[in-house]
Amino acid sequence: MAVTIGVSLGPGRSSAVTVQDGTVLGQLAGSDPAKLLAEVARTGSAGLVIDVSRLLADHVLHRHEELSPVAMIRVLPRAATDPALGRHPDDVVERLVTRRYTVPGGHDLFGRELRPIDRGALRAVCQEIQDSPARDIAVVASGSPAQPRHEREVADALQAAMPDARISVAYEFGGQGLAAREATVVLNAALSGAGGRILDACERGARGTPFQIARGDGGWVSPSRFRTLPVLGIGAADALQLQGAASLAGAEDCRVLLDRVPEPMVGDVRNGLAAVRPQTVAELGTVLVVPTAALTRAGASRASDIALVTAERPADELTCVGAAVSRPMAWLDEIAFIESTAELEGIRRDAHARATAIATANGATPGSADVVEMSTVAVPYSPSGTVRVRVRVAGVAEEPGA
């Protein structure tokens with residue numbers, strides 16, 4: 001197994017840990033991320049995975065004035081009549097939005113058009129944004145996970161009017177829930193500039209050494225994809241710490257106790273991968289559709305027949321180890337309608353094939369990606385046969401130069 005270095009960059013302390021076959025070979029630390037990366041690059045490592053989640057969270061929580069101003073477009077059958085419904089329920093998201101717009105249109109959960117898109121309103125919105133300074137634009141349409149046509153039409157119109165605009169569309173992330181999808185796409189648009197600057201600094205520090213960026217599900221993403229979708233890096237440290245603690249304990253399946261302030265937290269590891277869900281990111285206090293580690297309070301955790309691992313190493317060291325042992329992954333979260341068991345099996349096979357293709361595009365060796373989690377559950381308060389399909393696929397990283 002090739003030597004891999006996991007790096008955790010933060011606003012205060014940054015760390016790097018060299019790992020081979022689950023064994024820590026060496027550690028580095030420093031307050032200057034650029035100098036630390038340059039020192040890591042001099043080691044000539046063949047593999048480098050960088051966690052930037054603390055830098056991203058610091059920008060959102062404490063340096064939001066450095067984030068890109070976001071113009072938010074909702075594609076819905078009609079605009080909210082109550083001002084409280086016109087804003088996002090989470091303040092951390094709402095303060096990133098400089099102006100909101102509604103374009104009539106949208107689809108339902110199954111991709112059926114609720115209302116034709118109003119192209120006159122779309123032209124007016126494009127003109128208004130064109131006359132404003134905002135060039136980072138978030139677009140979310142009802143029903144776009146099933147039918148993204150309206151989001152694509154809005155994005156195409158915006159790009160034609162403003163070739164320099166950076167447009168984030170919700171269907172690229174999948175997932176369910178308009179508020180969670182809106183939070184994800186707003187954060188992605190707001191982080192476009194800051195994420196690009198962080199990535200530029202990583203490229204300068206790495207000095208030609210190939211690297212990947214850790215993401216919230218405990219896997220990693222290519223630098224080019226992170227530049228387009230920086231929100232994928234949110235929450236990565238939690239998943240990496242679970243995986244790092246399990247790796248150091250030599251446990252593939254375990255429950256990990258993390259020493260957190262103000263109270264300890266626990267999370268599960270299965271097959272060496274952190275258990276993740278689309279959920280509230282505790283640090284930001286908002287729900288996202290991109291999956292992050294499923295952590296619960298230690299006192300609220302249920303009894304388990306798997307081993308309990310107490311994470312005794314410093315958090316940044318665990319993050320680095322988790323990054324070093326991470327793998328390329330893919331995650332799908334979709335709604336489907338079935339009428340028979342055979343149709344369900346077909347939907348599961350199709351989801352598996354698409355997730356495998358995404359994992360391979362993310363750097364998995366062709367043929368190595370396999371399902372590590374698949375669930376199909378009925379959707380409450382929906383027509384009979386409506387199911388939510390979640391698929392998680394992980395592979396083995398391609399060897400450099402292969």
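Note that this is a predicted model, so its numbers are computed, not measured.
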(Q) Can you confirm whether more than 12 heavy atoms, excluding those of Arg119, are under 6.0 Å from its CZ atom? (A) no
Q. Does the side chain of Ser8 come under 3.5 Å of the side chain of Arg54 through a donor N or O and an acceptor N or O?
A. yes
Q) Just checking, is any N or O donor in the side chain of Arg260 or Gln241 under 3.5 Å from an acceptor N or O on the other one? A) yes
If you measure from the Lys or Arg side-chain nitrogens to the Asp or Glu carboxylate oxygens, is any gap between [X] and [Y] under 4.0 Å?
{"X": "Arg348", "Y": "Asp350", "result": "no"}
{"X": "Arg313", "Y": "Asp259", "result": "no"}
{"X": "Arg100", "Y": "Glu94", "result": "yes"}
{"X": "Glu182", "Y": "Arg74", "result": "yes"}
{"X": "Arg270", "Y": "Glu252", "result": "no"}
{"X": "Glu128", "Y": "Arg123", "result": "no"}
{"X": "Arg112", "Y": "Asp108", "result": "yes"}

**Q.** Heavy-atom pair of closest approach, residues Ala161 and Cys126
**A.** CB-CB, 4.4 Å
Q. How far apart are the closest heavy atoms of Asp268 and Ile306, and which atoms are they?
A. OD1-CD1, 4.4 Å
Q: Report yes or no: is the cationic atom of Arg215 (NZ for Lys, CZ for Arg) closer than 6.0 Å to the six-membered ring centre of Phe226, at no more than 45° off its axis?
A: no
Q | Gap separating the CD1 atom of Ile213 from the CG atom of Asp51, nearest 0.5 angstrom | A | 8.5 Å
